[in-house]
Amino acid sequence: MGMLWLLFLLLGHCNGFKVVRLNFKVIPSHYEITVTPYIFKGDGGPEWTFDAVVEITMKAKLLDVRSITLHAYKLNITGSTLTCDDDRKRNLIARHPTYQNETQLLTYELLDALEKDVECFLEIEYSGLISNDMLGLYRSTYWEAGKLKRLAVTQFEHSSARRFMPCFDEPEFKANFTLVVRRREYMRSWSNMPLERTDKDPYADFFLDTFHTTPQISPYHLAFMVSEYTNRTGEDSIGMITRPEMQGYTDYGTKVAVNAIKYFSEYFDFPYSKFMPKLDLVALPDFSKGAMENPGLITFREALSLYVPNKGSLAQKAKIARVISHELAHNWFGNLVTCMFWSHLWLNEGFATYFEHSPIPGVEETTHLSAQFTINAVHRALLADSTNTTFPLVNKKIETQNHIERMFGPISYAKGASVIRMLAHHIGEENMKSALRMYIKDRQFKTASDVDLLRMLRKVAVREDNIDGVFYSFVVEPGYPLVTVRMNETRDSVTLTQKRYFSHAVSSSCKDHPRACFWVIPITYVSKNQYSFNDTKTRVVMHDIEVTFNVTPVPNTWIIFNVQHIGYYRVNYDFESWNRIIDGLKAPDHDGIHELNRAQIIDDLMNLAKSDHIPYCTAFNMLEYLKTETSYIPWKMAMKNFQFIIYRTPAYDTKALRKYVLELIENIYKKLQFMPDPSDNQLVSSHRSLILKMACKFGLHDCLVKAREQFNKFKKDDTYDIPVDIRQVVFCVGVREGGKDAFNFLWKRYKLENVETEQITILSALACTNTDATVRDFLDKIFSSDVRENMKLKTFTMLATQNPANYIRLWDYVKNNLDEMSLKLSNGYQDVAQYFVVVVNQMKTRKERSNFQRFINDQIEKFDIYFMELVTAEQKLGEVLDWDEEHMPKIVKIMKYSCNKNIAGRLAARTISIILSIAVMVIQW
């Protein structure tokens, strides 16, 4: 590591704005906000700005309170008064407020101490920007009938309510909000609550929309929008708000919302109507997140809320259902009951992720979401939670805004959901339902911590469940266990041992102090002779590092632990047990092994091989069974895991990789066929898309021929619709093989397209381009206004990964256009750092790593606090290159010759060597 890098690490550079928790000396109860957004020139103020006034009702909860501290960011305070009930005429503010930019805290010093429990009213006049970074009150545009339209909308989670108004911007400071929006006559406004009244502004050409007061919500839940959108409200006061031309595509999203609200209201025994009087789903063209659960006014990206039948695949339709279900589940977990602070975010996001896979009537039948939990959540969690930089579900080490941002990732979402699923099966799903109903009723309109949830779990669990031990070991401890199974010679007794699993060899206190890193684990298992895959009941609660117990003998067959991948842990086996399992997978009908366990075995084996717990020969021996696998979920798990090898192989032997992959997918390609069938369900459709991408990527002749036929037909006849479920694959082949002509053709289609789902499909296909000229052209387009802000990084990433050589072109581009990119991206060098990380993740050689180090060493001042992201990426690249050198030559040999051939070859060579030695001895004798 270069000296500058080392110096940077030793200095411990600041990693974002500091988080200093507010005290509870003063508690707000109500906000009244009047806001005027200036969206156009001539609106009365500078365009893309706003003026506002907020009155915050509050009480001092302690004696001798002589100051008030709250949050604000990028606001211009123009006037402030504080009065209290005992003297409404006297302004108690001593001087202009002080502001700490590092903590975003605004403090008012007072002339006298506030009296405890007396209502006071802090009124603040201020102005701010309607931002271009999709945070706070932000701007967006869209085209309609050839005209560019504008809108303003909010996104406050996690710490951006303070960008719109001075407030107590932490989840625990719940209050009621009354909002008044001043807007032009031709525009409309929407907020969390229904409109109470509209008044004409007597002094200007504006109208004032006053909304009903909200129930108790956190500041980050307040939301509103001003636009020329239209809405359609249907059953149970549930509607969708969209740009006018998209109103015809709201039926599916509305149907999912209606069914989900009914399902969750009954499941939690708490009707949605007891919380909010209406529900609007808003489809936005620009949105930094996938969706946001604002009570009563949930915001979405268009592609995640509007299903356009000839533009969206069945997989996209299922994703819309999953995202809408996730956001609606938040009404109970996040909105009605809110995590006390971001350190407990899993209580919001873990439950929403868990319930997004619910078997909702009218939705589950076509989406099969409940069956996809392991690939959507468990796999993602296990991958993220296997490093030495992971953190526990309850993470008390939050010191900066970047730490909060990091909470919004796979640990809070996917691990949280996986642990909840394990707990539900451990204590019984009906018991879990009862506990959650009590939890919601107990904490309604309040905040909650892990202790509040555990109290309710204790009420339904039995002593044998050891609910405290299981709960705390998986909620408070980072990482997860690897359970190793060893059977005795007669295979009627099992010894389990556990240790923390790491994806790479790391220095850890677990090695010296194993008891500091162990879990109380609900163990499930099934064998050919005992129990059923449909029975996920806990058989043993593992309380220690090692446990031994008897099982029904399995002398000639398999025993599998972690039934349906319910438990949040990995499983390793002794050599013979692995062989029995692999034999079962290769048997007819996979010997009855459940498809979720087939996926689990793939996931565990590939990761255990990657982390040197087992030889890669065992993993590749298992992968051979895929030649007879016909289910989507095991194949999806296999491709997720194999993707890493695909990325790393080009530096070693692409031909061996191509031959191996094509042999592996040959049978399933023939079964699924290239063209979709109208009777296909979502799983079959997703399976075909997965296999076709691999088949065409690695040059399967039949796949390429059919893709060319479809693309050429589309080019000649623009009224021809390529079947939407194979459209991306066809476009990709066309662009990859068609050079500049095909690229320009598809780019024109993108420019004419006004449906986000299709825009994403086209951008993904354009990322398949592979010439110097077209890659450079595409990069210029990505960083222009032609590609929306929320699609730039994703498109850049696809361009880096779709073709093995593209990352070199991207590296040249970003290092030569560093300063220009910083000006074009909303957050300057903070955003640029993310693009560098994408490129570094694709690098293949030591020389490339050295070049990256040398270049970035000269850029420390530009990247400032975000330089640490580049340091981390470089360190990870070093680890990957070490891994490559140790493993990739072996993997390439396995793909070329297979393990059996390797063994046979070594035995043959050894035999020949022995024969020659004997011959020499005979001659000498």
Hey, are [Y] and [X] close enough side-chain-wise for a donor-acceptor pair under 3.5 Å?
X	Y	answer
T490	D492	yes
Q728	S764	yes
T536	T524	no
N572	D604	no
H504	D882	no
S370	E364	yes
Y480	R500	no

Exam field: side chain [X] to backbone [Y], donor-acceptor pair closer than 3.5 Å:
X	Y	value
D725	S686	no
S386	L383	yes
R688	L683	no
S685	N681	no
S473	G469	yes
S577	Y573	no
D544	E546	no
S527	N529	yes
N621	I582	no
N431	I427	yes

For residues 371-381, which side-chain N or O atoms pair as donor and acceptor with protein atoms under 3.5 Å away, sequence neighbours left out?
unit_1 : atom_1 : unit_2 : atom_2 : d
Q372   : NE2    : T367   : O      : 3.0
Q372   : NE2    : H368   : O      : 3.1
Q372   : NE2    : Q682   : OE1    : 2.9
N376   : ND2    : H357   : NE2    : 3.2
N376   : ND2    : Q372   : O      : 3.2
H379   : ND1    : D603   : OD1    : 3.0

Would you say the side chain of [Y] lies within less than 4.5 Å of the side chain of [X], judging by non-hydrogen atoms?
X	Y	answer
Y647	Q842	yes
L623	M606	yes
Y616	L608	no
P481	I521	yes
I560	F533	yes

Using residues 668-675 as the side-chain source, report each donor-acceptor pair under 3.5 Å to any protein atom, sequence neighbours left out, with the distance given to one decimal.
unit_1 : atom_1 : unit_2 : atom_2 : d
Y669   : OH     : D702   : OD2    : 2.6
Y669   : OH     : C703   : N      : 3.2
K670   : NZ     : E666   : OE2    : 3.3
Q673   : NE2    : K670   : O      : 2.4

Closest non-hydrogen atom pair between [X] and [Y], with its separation:
X	Y	result
V563	S532	CG1-O, 4.3 Å
E477	K415	O-NZ, 3.5 Å
M542	L496	CE-O, 3.4 Å
L328	A260	CD1-CB, 3.7 Å
F391	P478	C-CB, 3.9 Å
A318	L369	O-CD2, 3.9 Å

Evaluate side chain to side chain donor-acceptor pair (under 3.5 Å) for E349 paired with H326, printing each intermediate quantity in order. CA-CA 9 Å; E349 298 300 348; H326 179 104; 3.1 Å; yes
Take Y660 and F642 through the ring-ring contact (aromatic ring centres under 6.0 Å, His included) test and state the conclusion after the steps. CA-CA 12 Å; Y660 179 83; F642 205 69; 5.8 Å; yes
Roughly how far, to the nearest 0.5 Å, is [atom2] of [Y] from [atom1] of [X]?
X	Y	atom1	atom2	result
N607	I602	CG	CD1	11.5 Å
N466	Y472	CG	OH	12.5 Å
R570	S611	CZ	OG	8.0 Å
F474	D385	CZ	CG	10.0 Å

Could you go through the side chain to side chain donor-acceptor pair (under 3.5 Å) check for D612 and H887 one step at a time? CA-CA 9 Å; D612 293 323; H887 296 88; 2.5 Å; yes
Going by the rule salt bridge (charged side-chain N to carboxylate O under 4.0 Å, His left out), which residues pair with E430 if we only count those two or more places apart in sequence or in a different chain?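 Result, salt bridge (charged side-chain N to carboxylate O under 4.0 Å, His left out) vs E430: K433.
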Within a 6.0 Å radius of atom [atom1] on [X], are there more than 12 heavy atoms belonging to other residues, nucleotides or ligands?
X	atom1	answer
K586	NZ	yes
K319	NZ	no
K627	NZ	yes
E365	CD	yes

Near-ring test [Y]/[X], centroid separation under 6.0 angstrom:
X	Y	value
Y625	H590	yes
F355	Y267	yes
Y501	Y569	no
F549	Y525	yes

Looking at residues at least two apart in the chain, or sitting in another chain, which of them share a ring-ring contact (aromatic ring centres under 6.0 Å, His included) with Y307?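 If we apply the ring-ring contact (aromatic ring centres under 6.0 Å, His included) test to Y307, skipping adjacent residues, the hits are Y252.
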If the condition is ring-ring contact (aromatic ring centres under 6.0 Å, His included), which residues does H425 pass it with, not counting sequence neighbours?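 Listed in chain order: nothing, the list is empty.
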Decide yes or no on salt bridge (Lys or Arg N to Asp or Glu O under 4.0 Å) for E629 and R598, but give the supporting numbers first. CA-CA 10 Å; E629 177 63 80; R598 302 200 300 270; 2.7 Å; yes
Is the positively charged end of K610 above the ring of F644, judged by distance under 6.0 angstrom from the centroid and angle within 45° of the axis?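 Yes, K610 sits over the ring of F644.
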With respect to the side-chain SG atoms, do C696 and C732 come within less than 2.5 Å?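 Answer is no: C732 does not pair with C696 in a disulfide.
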Kindly indicate, with the supporting measurements, whether the criterion side chain to side chain donor-acceptor pair (under 3.5 Å) is fulfilled by N579 and E576. CA-CA 5 Å; N579 284 338; E576 184 177 354; over 6 Å; no
Steps toward salt bridge (Lys or Arg N to Asp or Glu O under 4.0 Å) verdict (D574, R486): CA-CA 5 Å; D574 58 62; R486 302 197 183 281; 5.8 Å; no
Not counting sequence neighbours, list each pair that qualifies as a side chain to side chain donor-acceptor pair (under 3.5 Å) and has a residue in residues 555-565.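 Listed by first then second residue: W558-D591.
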